[in-house]
**Q** 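Following this message is one structure expressed as structure tokens.
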There are 2 protein chains.
Amino acid sequence: MATGRTHRPATRSRGIPEATVARLPLYLRALTALSERSVPTVSSEELAAAAGVNSAKLRKDFSYLGSYGTRGVGYDVEYLVYQISRELGLTQDWPVVIVGIGNLGAALAGYGGFASRGFRVAALIDADPAMTGRPVAGIPVQHSDDLEKIISEDGVSIGVIATPAGVAQQVCDRLVAAGVTSILNFAPTVLSVPDGVDVRKVDLSIELQILAFHEQRKAGEEAEAEAEAAAGVVAASAPGVGAAATPGRKGTDRKGPDGDVPAVMPA
Amino acid sequence: MATGRTHRPATRSRGIPEATVARLPLYLRALTALSERSVPTVSSEELAAAAGVNSAKLRKDFSYLGSYGTRGVGYDVEYLVYQISRELGLTQDWPVVIVGIGNLGAALAGYGGFASRGFRVAALIDADPAMTGRPVAGIPVQHSDDLEKIISEDGVSIGVIATPAGVAQQVCDRLVAAGVTSILNFAPTVLSVPDGVDVRKVDLSIELQILAFHEQRKAGEEAEAEAEAAAGVVAASAPGVGAAATPGRKGTDRKGPDGDVPAVMPA
DNA sequence: GGATGTGAAGTCGTTCACAGCG
DNA sequence: CGCTGTGAACGACTTCACATCC
């Protein structure tokens with residue numbers, strides 16, 4: 001995915017699996033909640049339940065960090081909060097810029113989850129001159145002409161892109177050129193970046209499409225036998241997804257998985 | 001396994017790996033762009049580049065759907081758009097409700113990427129009476145008292161939760177009880193749902209935390225040798241992550257991965 | 001010739017089950 | 001005894017490399 005992790009010959013124990021890293025924030029959240037309730041210790045079983053994973057996975061994950069538990073007892077909540085925070089780099093604070101202050105950008109600017117985790121919104125940047133100077137979530141929007149200056153002056157290394165897809169790559173290039181090395185991309189485009197820069201993407205419509213896939217399968221499960229016949233019907237009533245959609249099929253035979261219908265997307 | 005099309009086994013709609021399903025929307029997006037430029041065919045190499053994956057993976061992914069390419073030529077763009085759309089269930093339209101019309105909910109309501117993919121925002125729901133009737137993105141907000149009625153009348157099976165974390169589980173329970181079987185959760189909580197209900201979560205702060213992890217590691221890579229000493233320094237200047245962070249670690253020796261420092265969270 | 005489709009090999013991640021320790 | 005920490009089995013996904021077919 002995003003700039004596949006370097007296949008470093010894994011120096012010593014510095015090889016925490018990606019999958020584990022992705023779950024650390026989850027554990028941290030659960031632990032923080034426990035901490036607020038002044039719970040002193042948790043077992044892997046309890047914590048796993050709170051984080052929504054199974055306990056074997058959790059123990060394995062923690063084993064990559066070190067031996068932070070006590071056999072027969074469990075984990076010290078405060079201590080673990082600190083260790084995970086440190087591992088994630090949250091013990092320092094990260095200035096972040098958000099580029100593209102539309103609906104989504106504005107929502108992100110006001111999102112409380114950032115500040116509470118050591119992320120500080122250092123600047124909001126938008127290309128629209130009409131936005132310049134206007135405060136969003138208490139922070140004045142700056143014009144994108146000043147992007148490079150803002151990045152370097154604040155020592156920003158993390159950028160959030162919430163622009164339209166069409167300009168996302170340019171914005172990305174400028175961010176990278178100015179020194180940003182981690183990007184969170186909300187624009188529905190594939191960004192290409194040089195080695196050493198990490199990109200993570202969040203695509204709202206992709207998530208819905210994945211849900212739709214499973215949803216469709218559920219519907220078909222009740223009528224297993226009818227599935228075969230249904231395939232033909234569905235194709236015939238296809239509404240079309242892309243821009244222009246007008247059925248029409250040339251005579252070639254296409255072979256699907258099995259009883260598939262050879263219909264084609266029209267021009 | 002049998003070559004080409006089998007009759008009964010494997011290749012039904014079943015058996016498509018999750019990882020593949022998650023990439024189908026990516027391919028679809030790239031294909032749609034090609035379609036708009038009236039490109040008739042693509043090779044796996046070209047399409048893979050456009051989607052940001054490697055070509056072997058793409059071909060393997062497509063092989064789960066069927067044999068939709070032509071050797072020596074590539075894939076028919078229009079045909080593939082249709083096949084993937086159908087596989088994802090996008091040839092039908094999915095009414096969606098968004099619950100929690102704050103900053104984020106409002107941004108989602110206005111997000112163009114939904115409508116363009118066969119998702120229709122059937123209703124916006126919020127618990128605040130002051131919001132009721134007010135139009136957001138052209139759709140009037142309805143009060144959450146009517147949640148059940150809205151779901152059942154519109155036959156909604158997909159719900160988006162954009163409420164504060166505190167009420168997300170209750171909202172989820174009501175959605176499920178009313179018939180929703182797929183949920184996209186933006187609230188930073190683990191939702192528990194009965195079997196048969198799918199939940200996908202999008203957590204903005206988690207993504208940033210993952211980036212921070214890698215960012216921190218990049219910084220440490222340049223000064224490999226200093227890493228050891230740095231751990232102590234970092235700990236000393238830890239700003240504190242949770243709410244109440246009162247460490248107070250007992251004097252026991254804790255062993256980290258390697259030369260870990262047993263320092264503790266400062267007050 | 002040229003690109004697909006796919007076994008086989010390789011890598012990564014999860015789960016099991018139990019030894020080890022408090 | 002209870003719970004962590006972990007080798008080993010297992011399973012899922014990725015990559016390789018090439019036979020296959022247009």
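These numbers come from a predicted model, not from an experiment. Order of the sequence lines fixes the chain letters, A, B, ..., with proteins taken first and strands second; residue numbering starts at 1 for each chain.
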**Q** Within a reach of under 6.0 Å around CD of A:Gln169, are more than 12 heavy atoms found that belong to other residues, nucleotides or ligands?
**A** yes
**Q** Report the distance from atom CZ of B:Phe62 to atom OH of B:Tyr68, rounding to the nearest 0.5 Å.
**A** 10.5 Å
**Q** Counting any heavy atom closer than 4.0 Å, what does A:Tyr75 reach on the DNA or RNA strands: base, sugar-phosphate only, or nothing?
**A** sugar-phosphate
**Q** So A:Pro25 and B:Asp203, do their side chains get closer than 4.5 Å, heavy atoms only?
**A** no
**Q** Which of the following nucleotides, C:dG5, C:dG13, C:dG22, is nearest to the side chain of A:Ala19?
**A** C:dG13
**Q** Atom CG of B:Leu65 to atom P of C:dT6: distance rounded to whole Å?
**A** 11 Å
**Q** With no hydrogens and no angle check, is any side-chain donor or acceptor of A:Gln216 less than 3.5 Å from a backbone partner on A:Ala212?
**A** no
**Q** For B:Phe62 and C:dA3, give me the distance from atom CZ to atom C1', rounded to whole Å.
**A** 14 Å
**Q** To the nearest Å, give me how far apart OH (A:Tyr64) and P (C:dC12) are.
**A** 11 Å
**Q** How long is the line joining CD of A:Glu46 and C1' of D:dT4, in whole Å?
**A** 14 Å
**Q** Atom CG of A:Asp61 to atom C1' of C:dT14: distance rounded to whole Å?
**A** 10 Å
**Q** Can you identify which nucleotide, out of C:dG5, D:dT4, C:dT15, has its nearest atom closest to the B:Ser67 side chain?
**A** C:dG5
**Q** May I ask you to verify if any side-chain N or O of A:Arg23 is less than 4.0 angstrom from the OP1 or OP2 atom of C:dT14?
**A** yes
**Q** Is there a side-chain polar atom (N or O) of B:Lys60 under 4.0 Å from OP1 or OP2 of D:dT14?
**A** no
**Q** Under 4.0 Å between a side-chain N/O of B:Ser44 and OP1 or OP2 of C:dT4, yes or no?
**A** yes
**Q** Just to confirm, is there a sub-4.0 Å distance from OP1 or OP2 of D:dT14 to any side-chain nitrogen or oxygen of B:Asn54?
**A** no
**Q** Any heavy-atom pair between the side chains of A:Glu46 and A:Leu34 that's under 4.5 Å?
**A** no
**Q** In this structure, how many angstroms lie between the C1' atom of D:dG2 and the CZ atom of A:Arg71, rounded?
**A** 12 Å
**Q** Rounding to a whole Å, what distance do you find between B:Lys57:NZ and C:dG5:C1'?
**A** 17 Å
**Q** Classify B:Glu18 by what it touches in the nucleic acid, base, sugar-phosphate, or nothing, heavy-atom distance under 4.0 Å.
**A** sugar-phosphate
**Q** Can you work out whether A:Pro17 or A:Arg59 has the more 5'-proximal nearest nucleotide on DNA chain C?
**A** A:Pro17
**Q** Expressed as a whole number of angstroms, how long is the span from A:Tyr27:OH to D:dT4:C1'?
**A** 14 Å
